[in-house]
Amino acid sequence: MQARGPLMIEHRLIEGMIAVIRRKLERAAQTQSIDPYFVDAAVDFIRVYADRTHHGKEEDILFRDLRKKNMAGDHQRIMNELIEEHAFGRETTKALVEANTRYRKGDAPALLEVTAGLKTLVGFYPKHIKKEDAVFFPAALTYFTEKEDQAMLAEFWDFDRKMIHEKYKAVVKGFNTG
Ligand SMILES: [Fe+2]
Ligand SMILES: [Fe+2]
């Protein structure tokens, strides 16, 4: 498998979650309500899987190794866009969490902010993923030897191995300090 393999497989699961969120948004428009626990689950998926686990591998391993290469201006520009989009996703999620907290406490108008945040994520992720799958990953591949690509793949597996431990250490820490 090429190093981009796991990243593309992860894209398919992110698309699956986006489809679920899209369905919940349709429901929310009909009922003028949303289950705050669903929003919690969506946020957990986005923060832990899409951002920490997936964007983490992109930024901390793939982009790091690409920075050591003499990248074409166009490719450099796309990489910067991708990094900005990751940051935009984080900001959107943060605002979503704040709105969901207010909504859960009985602030009914906060529903609009919750659904707006979810809509933003639903609109943004598919485009981001397409840019990576169709344009950036094939371009990135040209900068690496087979050996370098396989070294990244090995580092990806190692990165993933740590994630579940990181997540649940944070859960216990949260309860101890919260
Ligand atoms: Fe990305
Ligand atoms: Fe990605």
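No experiment lies behind these values; they were computed from the predicted model shown. Atoms within a ligand are numbered from 1 in the order they appear, just like the ligands themselves.
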Is it possible for you to check whether Lys24 lies under 6.0 Å from the centre of the six-membered ring of Phe38, through NZ or CZ, and within 45° of that ring's axis?
yes
Ring pair (Phe, Tyr, Trp, His ring centres under 6.0 Å) filter on Tyr49, not counting sequence neighbours, yields Phe45
query: Within 45° of the axis and under 6.0 Å from the centre of the six-membered ring of Tyr37, does NZ or CZ of Arg104 qualify?
result: yes
Checking Thr53 side chain against Val48 main chain: does a donor-acceptor pair fall under 3.5 Å? yes
Margin query: Tell me whether Arg64 is salt-bridged to Glu155, with the criterion being a basic N under 4.0 Å from an acidic carboxylate O.
Written below: yes
- Task: Mind running ring pair (Phe, Tyr, Trp, His ring centres under 6.0 Å) on Phe88 and His128 for me, showing each step along the way?
- Result: CA-CA 11 Å; Phe88 174 74; His128 179 83; over 10 Å; no
Within the 2.8 Å cut-off the protein N, O or S neighbours of the Fe ion (ligand 2) are His11 NE2, His54 NE2, Glu58 OE2, Glu132 OE1
